[in-house]
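Working notes, structure below.
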There are 2 protein chains.
Amino acid sequence: MLRLTKKADYGLIALKYLAEQSTNGAQSAKDIAEAYHIPPQLLAKILQTLAKSGLLVSHAGTNGGYALARSAHDISAFEVIRAIDGPLFITSCITIHGTCDLHGTCTIKEPLRKVNDSIKELLSGIRVSDLIEPIEDSPAAALAGGLVSIAL
Amino acid sequence: MLRLTKKADYGLIALKYLAEQSTNGAQSAKDIAEAYHIPPQLLAKILQTLAKSGLLVSHAGTNGGYALARSAHDISAFEVIRAIDGPLFITSCITIHGTCDLHGTCTIKEPLRKVNDSIKELLSGIRVSDLIEPIEDSPAAALAGGLVSIAL
DNA sequence: AGCAACTCCGACCGCATTGGTCTTGCTTAC
DNA sequence: GTAAGCAAGACCAATGCGGTCGGAGTTGCT
Ligand code: FES
Ligand code: FES
């Protein structure tokens, strides 16, 4: 259930790496790929997507590479996933026609949308800076992540 | 992102319908399918899966059909989704080998697991009975759904 | 009991999406 | 000028989802 695509997974790994190495200037796609043993060409394409979305800045040429466009503290996991996997959402009702086949008959559409929003809130509360140093169950953790209440 | 399969969607619809019609005895898969204009054979298979998972009880023969195994108040959305889509989780690292290719190198595995757990908690707090009468933003809603705090 | 209708059940198949690769071209530093 | 690196597109293989088919079992009626 609720599978996150591998591309998004790779994207988050790369983001985290770039956040850690932010002092060393730009990092090439090849370097990141080798550091984690993931297909270089695939990661390159992912980074391009992220760059087009404005999350990364790219610099071509020798000693070029990618760097974070904003501070690691200011990039949410939700943005990353949305940039890579597109605005797909939990309601599978998005067919090619743009709308669900069961336009009026589906009765659980609205409750699921609420759930969807909650998950969105949850992911928006997670920033890449949080991935670097996993804050254990400290009081600050609840504050950092935020509280998500699900109301049907 | 985070797409819920159409099967699970159909399953939830069926569960809701069965909960509403619980007084009228068992309902056949064909009846439910026609009520919502979804492929009958497909829904049949979904109901079979749910029956095998113990969420529904099936009764063959004339005037047979399916009925809820437990009270609608006691079946969570999480159980339904898990029964249909299997125990797939947000970490896409479950290859055919059973474990991720990046066994030690992946650094975001643990944070994502926490997120996964939070979503699980969220879905577990939603019961089929909640789908029937959508409780608007009442104070009881927060109580019913529970509060989910995400702590990395 | 025998029959017929009805419903569940398991196996099967086409297709969309995803993960991954290759080729080509453009930009920049040295 | 040349090598390092990004950018962009087409292209391919496989997983798994959505959907379909025929069969086995059960119930109610005569
Ligand atoms: S199937 Fe379209 S809203 Fe549920
Ligand atoms: S890719 Fe396996 S844990 Fe992230």
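Per chain, numbering begins at 1; letters A, B, ... match sequence-line order.
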Whole-Å distance separating the NZ atom of A:Lys30 from the P atom of D:dA7: 16 Å

Heavy-atom pair of closest approach, residues B:Ala83 and B:Ser53: CB-OG, 3.4 Å

Residue whose nearest DNA chain D nucleotide is more 5′ - B:Leu42 or A:Tyr66: A:Tyr66

Sugar-phosphate only, base, or nothing, as touched by A:Lys45 at under 4.0 Å among non-hydrogen atoms: base

DNA chain C: stems of at least 3 consecutive Watson-Crick or G-U pairs whose donor-acceptor distances fall under 3.5 Å: C:1-30 with D:1-30

Between D:dG5 (C1') and A:Leu43 (CG): distance, integer Å: 14 Å

Atom-to-atom span, CG of B:Asn63 to P of D:dT27 - whole angstrom: 11 Å

Options D:dG19, D:dC6, C:dG19, nucleotide nearest the side-chain atoms of A:Ala60: D:dC6

Residues A:Gln21, A:Asn24; criterion side-chain contact (heavy atoms from CB on, under 4.5 Å); working and verdict: CA-CA 5 Å; A:Gln21 307 286 335; A:Asn24 300 18; 3.4 Å; yes

Integer-rounded Å distance: D:dA4 C1' and A:Asp31 CG: 11 Å

B:Ser28 versus B:Asp31, side-chain donor and acceptor atoms under 3.5 Å: yes

Whole angstrom value for the distance that separates P of C:dG20 from CG of A:Leu47: 14 Å

Expected output: side-chain B:Arg82 to main-chain B:Gly86 donor-acceptor under 3.5 Å: no

Below 4.0 Å: OP1/OP2 of C:dC6 and any side-chain N or O of B:His59: no

Min side-chain heavy-atom separation B:Leu42-B:Tyr10 under 4.5 Å: yes

D:dC17 phosphate, OP1 or OP2, under 4.0 Å from B:Tyr10 side-chain N/O: no

Rounded distance (Å) that lies between atom P of D:dG9 and atom CD of A:Gln41: 16 Å

Distance in Å, B:Ile119 CD1 paired with A:Ile119 CD1, rounded so as to fall on 0.5 Å steps: 4.5 Å

Within-4.5 Å side-chain heavy-atom neighbours: B:Thr107 and A:Leu131: no

Whole angstrom value for the distance that separates P of C:dG19 from CD1 of A:Ile13: 13 Å

Phosphate OP1/OP2 of D:dA4 contacted by A:Ser28 side-chain N/O (<4.0 Å): no

For A:Val115 against B:Ile126, the heavy-atom pair lying closest together: CG2-CD1, 3.2 Å

Spacing between A:Ile46 atom CD1 and C:dG20 atom P, to the nearest angstrom: 8 Å

Most 5' of A:Gly61 and B:Gly65 on DNA chain C, judged by nearest nucleotide: B:Gly65

5'-most by nearest nucleotide on DNA chain C - A:Thr62 or A:Pro39: A:Pro39

Options C:dC8, C:dG19, C:dG10, nucleotide nearest the side-chain atoms of A:Lys7: C:dG19

Sugar-phosphate only, base, or nothing, as touched by B:Ala44 at under 4.0 Å among non-hydrogen atoms: nothing

